[in-house]
Engineer: 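Got a structure here, written out as structure tokens. Questions coming.
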Amino acid sequence: MSASQELKGKMSTACAILQWELANMWGHVSVRTPDGNGFLLMPIRRPVDPNIPADDLLEYDLDGKMTAGRRDAIDEIFFYSCPYRAKNEVGAVIHCHPEMATALAAVGREIKPIHTSSARFENGVAVTPFLYGYWLEHGEKAMKAIGDGCAVIIRGHGAIVTGETLEEACINMVQLERTAKLILMSGAIGQPQSLSAAELEEFKEVAGLRARGKADPAIASFMEWSYYESLIQRGERWSRL
């Protein structure tokens with residue numbers, strides 16, 4: 001398998017994971033090109049034109065200009081180009097419309113680290129007023145809101161997540177939505193409680209021992225990705241909350 005085919009396969013897997021997990025076809029996954037001068041993008045939904053392969057990739061430069069691909073250019077391009085331009089360590093950007101996370105934002109609630117898989121959000125997830133990445137200004141506002149974190153929720157729209165790898169970004173989106181579901185479900189019967197800073201540190205210390213001294217969310221993300229990838233490859237699906 002060539003490097004290009006492997007990358008297409010990985011992006012197709014990310015689309016399949018997110019389409020099933022979010023029960024929503026809207027959004028795109030993207031990865032930085034190996035030369036660092038642009039990024040590749042794949043919509044989660046299949047092309048309307050049956051003559052275009054489902055794994056057709058769009059390629060953009062870092063200014064958001066489309067340079068290759070058969071599908072129509074996307075509207076929200078600055079949600080992707082701005083993170084890549086702002087942070088060299090960003091290797092993947094995903095924008096989707098996770099409904100539970102969007103519901104939380106609509107009522108002024110926030111994502112909190114209420115379980116170990118949401119420890120990646122221990123510094124919180126910003127919520128912005130409505131933005132649409134068609135304009136550079138909106139992309140810059142979204143990136144400013146992300147700050148040192150990995151995610152932002154846009155009220156009335158959806159969410160953007162970043163990661164050093166596609167695997168990490170994909171699982172960041174999965175866990176963002178799952179955390180939102182848990183907060184909404186627990187909020188129906190009481191007040192959800194976050195893990196304390198001390199509890200999070202204890203968890204990261206133990207996780208670090210298991211990960212040979214480094215409590216790195218990317219390691220857990222890769223393990224979770226590998227599990228879902230194996231199910232996708234076998235044509236199987238998993239239970240959702």
Side-chain angles (χ1 to χ4, degrees), residues 2-22 24-98 131-143 146 150-154 157-174 176-177 221 225 228-229 232:
S2 68
S4 176
Q5 289 174 320
E6 184 177 358
L7 182 56
K8 280 189 174 184
K10 185 179 291 188
M11 295 179 76
S12 294
T13 295
C15 287
I17 291 172
L18 293 170
Q19 188 177 50
W20 174 252
E21 188 71 30
L22 305 184
N24 193 305
M25 71 174 185
W26 298 107
H28 315 85
V29 303
S30 73
V31 295
R32 192 187 291 271
T33 54
D35 63 11
N37 295 325
F39 57 95
L40 302 172
L41 184 144
M42 180 183 288
I44 291 176
R45 59 191 180 278
R46 289 180 172 271
V48 175
D49 185 344
N51 296 312
I52 299 177
D55 63 354
D56 184 65
L57 296 178
L58 302 177
E59 186 167 352
Y60 290 84
D61 64 22
L62 294 181
D63 292 323
K65 180 182 178 181
M66 184 174 166
T67 58
R70 296 172 60 188
R71 298 178 67 152
D72 292 338
I74 69 167
D75 287 346
E76 303 150 307
I77 193 59
F78 293 111
F79 283 164
Y80 300 91
S81 64
C82 287
Y84 288 121
R85 291 174 62 182
K87 294 183 178 181
N88 290 332
E89 66 270 24
V90 170
V93 181
I94 296 174
H95 167 53
C96 289
H97 298 182
L131 297 171
Y132 196 64
Y134 184 80
W135 298 279
L136 175 60
E137 179 185 3
H138 284 201
E140 291 174 339
K141 286 182 177 179
M143 190 59 225
I146 292 175
C150 66
V152 62
I153 302 174
I154 301 165
H157 189 166
I160 303 168
V161 300
T162 64
E164 292 188 13
T165 65
L166 179 59
E167 295 93 333
E168 184 180 4
C170 181
I171 300 305
N172 282 345
M173 183 65 79
V174 168
L176 182 74
E177 181 71 339
S221 293
W225 163 279
Y228 297 132
E229 181 182 40
I232 293 291

Engineer: Is a side-chain N or O of Asp63 found less than 3.5 angstrom from the main chain of Lys65, in a donor-acceptor match?
Structural biologist: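 No: the side chain of Asp63 does not pair with the backbone of Lys65.
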Engineer: Answer yes or no: is there a side-chain heavy-atom contact under 4.5 Å between Val161 and Cys150?
Structural biologist: no
Engineer: When you compare the side chain of Tyr60 with that of Ser81, does any pair of heavy atoms fall below 4.5 Å?
Structural biologist: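 Side chain of Ser81 against side chain of Tyr60, heavy atoms only: no contact under 4.5 Å found.
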Engineer: Looking at every heavy atom in both Asp35 and Gly38, which two are closest together, and how far apart are they?
Structural biologist: OD1-N, 4.1 Å
Engineer: Donor-acceptor pair, distance only, cut-off 3.5 Å: does the side chain of Asn172 make one with the backbone of Thr162?
Structural biologist: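 Answer holds: yes.
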Engineer: Look up atom CZ in Phe79 and atom CD1 in Ile154, then write down how far apart they are to the nearest 0.5 Å.
Structural biologist: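 These two atoms lie 3.5 Å from each other.
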Engineer: Do other residues, nucleotides or ligands put more than 12 heavy atoms under 6.0 Å from Arg46 CZ?
Structural biologist: no
Engineer: Test salt bridge (Lys or Arg N to Asp or Glu O under 4.0 Å) on Glu137 and Lys141 and set out the steps.
Structural biologist: CA-CA 6 Å; Glu137 179 185 3; Lys141 286 182 177 179; 3.3 Å; yes
Engineer: For the residue pair Leu18 and Val174, establish whether any side-chain heavy-atom pair is separated by less than 4.5 Å.
Structural biologist: yes
Engineer: Among all residues two or more places apart in sequence or in another chain, which pass the ring-ring contact (aromatic ring centres under 6.0 Å, His included) test with Tyr80?
Structural biologist: His28
Engineer: Return the minimal non-hydrogen interatomic distance between Ala151 and Leu176, and the atom names on each side.
Structural biologist: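 Nearest pair, atom of Ala151 first, then Leu176: CB-CD1, 4.4 Å.
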Engineer: Work out which heavy atom in Met66 is nearest to a heavy atom in Leu58; give both atom names and the distance.
Structural biologist: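 Looking at all heavy atoms of both residues, the closest pair is CE-CD2, 3.4 Å.
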Engineer: With a sphere of 6.0 Å drawn around OH of Tyr134, does it hold more than 12 non-hydrogen atoms of other residues, nucleotides or ligands?
Structural biologist: no
Engineer: Side chains of Ile44 and Cys96, heavy atoms from C-beta outward: is any pair under 4.5 Å?
Structural biologist: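 In contact.
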Engineer: Nearest 0.5 Å please: distance from the CG atom of Leu41 over to the CD1 atom of Ile77.
Structural biologist: 6.0 Å
Engineer: Hey, is CG on Asp72 packed in by over 12 heavy atoms from elsewhere, all under 6.0 Å?
Structural biologist: no
Engineer: Minimum heavy-atom separation for His97 and Asn24, please, with both atom names.
Structural biologist: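 Taking His97 first and Asn24 second, the nearest heavy atoms are O-ND2, 3.5 Å.
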Engineer: How far does SG of Cys82 sit from NZ of Lys87, to the nearest 0.5 angstrom?
Structural biologist: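 The NZ atom of Lys87 is 12.5 Å from SG of Cys82, to the nearest 0.5 Å.
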Engineer: Taking Tyr84 for its side chain and Val93 for its backbone only, find out whether a donor-acceptor pair lies under 3.5 Å.
Structural biologist: yes
Engineer: Is Phe78 close to Glu140 at the side-chain level, that is, under 4.5 Å between some pair of heavy atoms?
Structural biologist: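 No, too far: nothing below the 4.5 Å cut-off.
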Engineer: Ignoring hydrogens, what is the shortest heavy-atom contact between Val152 and Ala142? Give both atom names and the distance.
Structural biologist: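 Result for this residue pair: CG1-O, 4.1 Å.
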Engineer: When rounded to the nearest 0.5 angstrom, what is the spacing between OG1 in Thr13 and CD in Glu229?
Structural biologist: 5.0 Å
Engineer: Does Met11 reach the side chain of Leu166, with side-chain heavy atoms less than 4.5 Å apart?
Structural biologist: yes
Engineer: Minimum heavy-atom separation for Pro98 to Met173, with atom names?
Structural biologist: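 What the structure gives for the nearest pair is CG-SD, 4.1 Å.
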Engineer: For the atom pair CE (Met143) and CD1 (Ile146), what is the distance rounded to the nearest 0.5 Å?
Structural biologist: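 Between Met143 CE and Ile146 CD1, I get 4.5 Å after rounding to 0.5 Å.
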Engineer: Run the side chain to side chain contact (heavy atoms under 4.5 Å, CB included) test on Leu131 and His157 for me, step by step, so that the C-alpha distance in whole Å, both residues' side-chain angles and the decisive distance to 0.1 Å come before the verdict.
Structural biologist: CA-CA 7 Å; Leu131 297 171; His157 189 166; 5.6 Å; no
Engineer: Roughly how far, to the nearest 0.5 Å, is the CD atom of Glu21 from the CD atom of Glu177?
Structural biologist: 8.0 Å
Engineer: So Asn37 and Leu62, do their side chains get closer than 4.5 Å, heavy atoms only?
Structural biologist: no
Engineer: Taking the side chain as everything from C-beta on, heavy atoms only, tell me whether Val90 gets closer than 4.5 Å to Phe39.
Structural biologist: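 Side chain of Val90 against side chain of Phe39, heavy atoms only: no contact under 4.5 Å found.
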Engineer: Any side-chain to backbone donor/acceptor pair from Arg71 onto Ile52? Under 3.5 Å, distance only.
Structural biologist: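 Side chain of Arg71 to backbone of Ile52: no pair is present.
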